[in-house]
Enquirer: 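First the structure, then my questions, so here it is.
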Amino acid sequence: MTNKDVAYILSQIADLLEILQESRFRIIAYRKAASVLESLPEDINDVSEQGRLQELPGIGAHIAERLEELLKTGRMKYFEELKQKVPGGLLELIKIRGLGPKTAVTVYENLGIASVGQLEKAAKEHKIREVKGLGAKVEENIIKNIKEMEKREERILLAEAYPIAQEIIKELRKQPFVVSAETAGSLRRMRRTIGDIDLLASSNEPEKVMDFFAMMSFVVEVEAKGKTKSTITHQDGRKVDLRVVSPDQYGSALQYFTGSKQHSIHLRGIAKDKGLKISEYGIFEAATEKRLGGKIEEDIYSKLNLPVFPPELREDKGEIEAAYEGDLPKLITLKDIKGDLHVHTKKSDGLNSVEDMVSKAKQLGYSYICVSDHAKNLKVAGGLTVKELETQIKNIKELNKREKNFRVLVGAELNIDNDGNVDYDSSLLARLDFVSASIHAGFNQSKKQLTERMLKAIENPNINLICHPTAEILNQRPPYELDLPVIFKAAAETKTAMELNSFPNRLDLRADYLRAAKKAGVKIAISTDAHNYNHLEYVFYGVAIARRGWLEKKDVINTWGVEKLLKFVKK
DNA sequence: GCCGTTTTCGGCCCGACTGTTTTCAGTCG
């Protein structure tokens with residue numbers, strides 16, 4: 001049973017408790033425990049076996065005991081009892097937007113509805129409006145939102161949401177009645193995937209902003225429109241929320257809407273202890289309601305003796321405690337990046353020549369790239385034969401003679417086969433500047449097999465970097481199972497770097513794993529896996545995830561100059 | 001159900017919008 005499986009069960013328990021109208025704090029407790037497991041960088045089975053469950057935040061005696069039962073026996077009595085009490089379909093009903101536990105119970109008790117299908121049928125037959133407290137509008141929304149749920153894709157990729165949001169922000173800022181505008185929510189925190197796009201603006205004429213927003217060219221539907229808050233559907237099918245506040249409330253509103261929810265709740269708790277109250281309208285003395293500030297985010301944080309956290313850190317995963325202890329990292333920035341260690345050319349499955357890639361790299365201000373075309377065993381990706389690699393080495397050598405302040409490193413992206421072996425013989429590998437390796441197939445092996453396979457590659461003295469270490473593809477393929485603590489320990493000992501692959505549908509390693517890797521002493525390479533020269537720009541998203549993983553310049557090997565990098569390589 | 005430089009009991013963030021209501025419950029973030 002994986003962390004994700006267990007987290008899912010905990011969140012189902014929370015849903016069940018909600019339907020059963022249990023104490024809301026118990027519900028919150030289960031949700032929190034689920035979210036902690038969701039981002040736990042180690043295997044919950046190991047944590048349980050070592051008796052460390054209660055060391056995890058949000059997991060106390062009760063949940064720990066129930067988790068142990070679940071992990072040992074594969075079953076949890078409590079969960080099964082709850083399921084007995086709730087008709088199965090009700091869990092599905094509350095996934096419909098706008099339909100919560102109360103309404104689900106109401107339609108069940110009045111109409112005996114316990115499935116999405118039955119609900120849709122009843123709505124179409126106008127039976128919903130006959131129930132007291134529900135009306136025609138509810139009926140309409142049920143039909144609409146079931147349709148929406150059916151066609152709704154997964155969360156949008158950061159790299160898709162970001163440009164959409166920036167374009168809207170740019171338009172808003174041009175309007176004379178808009179004082180300021182910014183992204184908020186998970187987008188501002190730069191999560192790998194985004195639910196709805198959240199935006200914030202400040203203005204002295206909020207209704208003008210709402211009118212303008214609802215009329216923008218890309219709007220296909222206005223779902224809600226109030227004086228200060230509207231939700232529209234973008235032509236790309238995405239929901240965009242815009243909230244407007246007055247200019248002197250902008251900071252507190254931005255803090256609040258950036259979240260994360262857990263981060264803000266933590267802040268409000270601290271404020272409360274200090275006799276203060278935080279809302280999106282400002283920070284106040286609790287007793288007198290006297291407003292102490294809120295025009296800028298600093299007004300909020302400084303009253304709590306906290307710095308203005310980079311949005312990427314605002315997850316309530318220890319950043320607040322670290323700030324009080326003076327232990328906040330100085331996060332890496334895009335301009336720290338000096339080169340890209342994972343790019344492909346048309347010799348394998350890329351689109352452009354080495355020269356094209358070099359030219360783009362120079363535009364980005366880089367001083368090196370490493371050409372890592374696929375190797376001979378990965379035939380589907382046009383892997384280079386020994387002879388072709390020899391030619392590549394020769395050509396790049398020639399190219400480097402012509403270059404002054406730029407260095408092209410010769411590398412390869414080897415394929416780690418099912419037994420942990422890689423392409424080419426070691427004498428050829430030794431002639432390469434920087435060698436990467438990754439797993440491209442055999443994802444269904446057991447955790448033990450996959451771990452051993454990767455360990456063999458890590459311990460191979462010719463290999464410097466493991467690419468896209470978990471092979472996760474967002475919205476498409478889950479990460480394979482790997483014993484990450486063991487992997488990270490070996491990587492640190494052998495000075496084998498781990499990749500943060502910047503490709504928008506990978507962003508692998510993810511932030512929680514990066515933090516664990518850093519803690520274990522592993523060095524990271526933020527590279528793009530570019531298959532054409534425009535892909536080199538994806539480093540922007542890689543750096544964002546690195547920041548979410550608390551990485552500093554010193555943790556990332558491609559912030560180093562080429563000499564220091566090559567010294568690291570000779571392990 | 002969790003948690004603790006006020007506490008092992010008594011707290012637990014706060015507000016907008018919709019739809020159905022004549023003052024508010026439900027849902028969402």
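Lettering of chains follows the sequences in order, A, B, ..., and the numbering in each one begins at 1.
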Enquirer: Measuring only the C1' atom in each nucleotide, how far is B:dG15 from B:dG10? A whole number of Å is fine.
Expert: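 To the nearest whole Å, 25 Å.
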Enquirer: Under 4.0 angstrom, heavy atoms only, what part of the nucleic acid is A:Phe257 near: base, sugar-phosphate, or nothing?
Expert: nothing
Enquirer: Can you tell me, in whole Å, how much space there is between the C1' of B:dT20 and that of B:dT27?
Expert: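 These two C1' atoms come out 14 Å apart once rounded.
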Enquirer: What is the distance from CD1 of A:Ile300 to P of B:dC13, rounded to the nearest Å?
Expert: 17 Å
Enquirer: Figure out the NZ/P separation between A:Lys272 and B:dG11, and round it to whole Å.
Expert: 10 Å
Enquirer: Does a side-chain N or O of A:Ser279 approach OP1 or OP2 of B:dC13 to a distance below 4.0 Å, or not?
Expert: no
Enquirer: Let me spell it out: for each of A:Tyr78 and A:Val131, pick the nucleotide of DNA chain B with the closest heavy atom. Which residue's pick is nearer the 5' end?
Expert: A:Tyr78
Enquirer: Report the C-alpha distance between A:Asp5 and A:Thr2 in whole Å, list the side-chain angles of each, state the deciding distance to 0.1 Å, and finish with yes or no for side chain to side chain donor-acceptor pair (under 3.5 Å).
Expert: CA-CA 5 Å; A:Asp5 299 333; A:Thr2 67; 3.1 Å; yes
Enquirer: What distance, rounded to whole Å, do you find between the two C1' atoms, one in B:dG1 and one in B:dT5?
Expert: 24 Å
Enquirer: May I ask you to say what A:Ile94 touches in the nucleic acid, namely base, sugar-phosphate or nothing, with a heavy-atom cut-off under 4.0 Å?
Expert: nothing
Enquirer: Does OP1 or OP2 of B:dC17 have a side-chain N or O of A:Thr228 closer than 4.0 Å?
Expert: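 Answer is yes, contact under 4.0 Å.
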Enquirer: Is there a donor-acceptor pair closer than 3.5 Å between any side-chain N or O of A:Ser264 and the backbone N or O of A:Lys261?
Expert: no
Enquirer: Calculate the interatomic distance between A:Ile19 atom CD1 and B:dT27 atom C1'; express it in whole Å.
Expert: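 For the pair A:Ile19 CD1 and B:dT27 C1', the rounded distance is 14 Å.
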Enquirer: Reckon A:Ala271 touches a base, only the sugar-phosphate, or nothing at all at heavy-atom distances under 4.0 Å?
Expert: nothing
Enquirer: Which residue, A:Lys229 or A:Gly58, contacts DNA chain B at a nucleotide closer to its 5' end, judged by nearest heavy atom?
Expert: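 First, find each residue's nearest nucleotide; the 5'-ward one identifies A:Gly58.
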Enquirer: Parallel, tilted or perpendicular: which describes the rings of A:Tyr301 and A:His263, with under 30° parallel and over 60° perpendicular?
Expert: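 A:Tyr301 and A:His263: tilted rings.
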Enquirer: What is the distance from CG of A:Leu200 to C1' of B:dA16, rounded to the nearest Å?
Expert: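 A:Leu200 atom CG is separated from B:dA16 atom C1' by 14 Å.
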Enquirer: A:Arg24 side chain N/O closer than 4.0 Å to the phosphate oxygens (OP1, OP2) of B:dG1?
Expert: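 No.
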Enquirer: Considering only side-chain heavy atoms of A:His62, which listed nucleotide, B:dG1, B:dC13, B:dA16, is closest?
Expert: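 The nucleotide sitting nearest to the side chain is B:dG1.
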Enquirer: Please tell me if A:Tyr281 has a side-chain N or O lying less than 4.0 Å from either OP1 or OP2 of B:dA16.
Expert: yes
Enquirer: Give me the distance, rounded to whole Å, that separates B:dC12 from B:dT6 when you measure between the P atoms they each carry.
Expert: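 It works out to 16 Å between them.
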Enquirer: Once you apply a heavy-atom cut-off of 4.0 Å, does A:Lys32 come out as touching a base, just sugar-phosphate, or nothing?
Expert: nothing
Enquirer: Indicate, with yes or no, if the rings of A:Phe503 and A:His468 have centres closer together than 6.0 Å.
Expert: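 No, ring centres 6.0 Å or more apart.
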Enquirer: Between atom NZ in A:Lys132 and atom C1' in B:dT21, what is the gap in whole Å?
Expert: 9 Å
Enquirer: Base, sugar-phosphate or nothing for A:Ser264? Non-hydrogen atoms, less than 4.0 Å.
Expert: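 A:Ser264: no heavy atom of the nucleic acid under 4.0 Å.
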Enquirer: For a quick test of reading the model, state the closest non-hydrogen atom pair linking A:Ser217 to A:Gln235 and the distance between them.
Expert: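 The pair with the smallest heavy-atom distance is O-OE1, 4.4 Å.
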Enquirer: Counting any heavy atom closer than 4.0 Å, what does A:Arg243 reach on the DNA or RNA strands: base, sugar-phosphate only, or nothing?
Expert: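 Touches sugar-phosphate only.
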Enquirer: Looking at A:Lys174 and A:Glu171, is any side-chain nitrogen of the basic one under 4.0 Å from a carboxylate oxygen of the acidic one?
Expert: yes
Enquirer: In whole Å, I'd like the distance from the CD atom of A:Glu18 to the C1' atom of B:dT27.
Expert: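 After rounding, the gap between these two atoms is 10 Å.
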Enquirer: Assign A:Ile28 to base, sugar-phosphate, or nothing according to its heavy-atom contacts below 4.0 angstrom with the strands shown.
Expert: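 Answer is nothing: A:Ile28 stays at 4.0 Å or more from every strand.
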Enquirer: Side chain of A:Ala224 only, please: which of B:dG1, B:dG29, B:dT18 is the nearest?
Expert: B:dT18
Enquirer: Provide the distance between the two P atoms, one in B:dC13 and one in B:dC3, to the nearest whole Å.
Expert: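 Looking at atom P only, B:dC13 and B:dC3 are 14 Å apart.
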Enquirer: Say we look at B:dG19 and B:dT8: how far apart would their C1' atoms be, to the nearest angstrom?
Expert: 44 Å
Enquirer: Tell me the interatomic distance from A:Ile278, atom CD1, to B:dG29, atom P, rounded to whole angstroms.
Expert: 22 Å
Enquirer: Name the nucleic acid region contacted by A:Leu134, choosing base, sugar-phosphate or nothing; use a 4.0 angstrom heavy-atom cut-off, strictly under.
Expert: sugar-phosphate
Enquirer: Counting just side-chain N and O atoms, does A:Arg26 come under 4.0 Å of either OP1 or OP2 of B:dG1?
Expert: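 Affirmative; the distance criterion is met.
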Enquirer: Using a cut-off of 4.0 Å on non-hydrogen atoms, how would the nucleic acid contact of A:Lys261 be classed: base, sugar-phosphate, or nothing?
Expert: base
Enquirer: Using the six-membered ring for Trp and the full ring for Phe, Tyr or His, decide whether A:Phe25 stacks on the six-membered base ring of B:dC12 (centres under 5.5 Å, planes under 30°).
Expert: yes
Enquirer: What contact category does A:Arg31 fall into here, base, sugar-phosphate, or nothing, at under 4.0 angstrom with non-hydrogen atoms?
Expert: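 The residue A:Arg31 makes no contact with any strand.
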Enquirer: Could you check how far CG of A:Asn141 sits from C1' of B:dT20, rounded to whole Å?
Expert: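 Those two atoms, CG and C1', are 13 Å apart.
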Enquirer: Out of B:dC2, B:dG26, B:dC14, which nucleotide sits closest to the side chain of A:Ala29?
Expert: B:dC2
Enquirer: Hey, which of A:Lys518, A:Arg515, A:Lys330 is the one that makes salt bridge (Lys or Arg N to Asp or Glu O under 4.0 Å) with A:Asp555?
Expert: A:Lys518
Enquirer: Now, which nucleotide makes the Watson-Crick or G-U wobble pair with B:dT8, with each of the two distances under 3.5 Å?
Expert: none
Enquirer: Between A:Glu319 and A:Asp316 (side chain of the first, backbone of the second, donor and acceptor by atom type, cut-off under 3.5 Å), is there such a pair?
Expert: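 It does hold such a pair.
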Enquirer: Can you check the distance between B:dC2 and B:dT7, where both ends of the measurement are the C1' atom (answer in whole Å)?
Expert: 14 Å
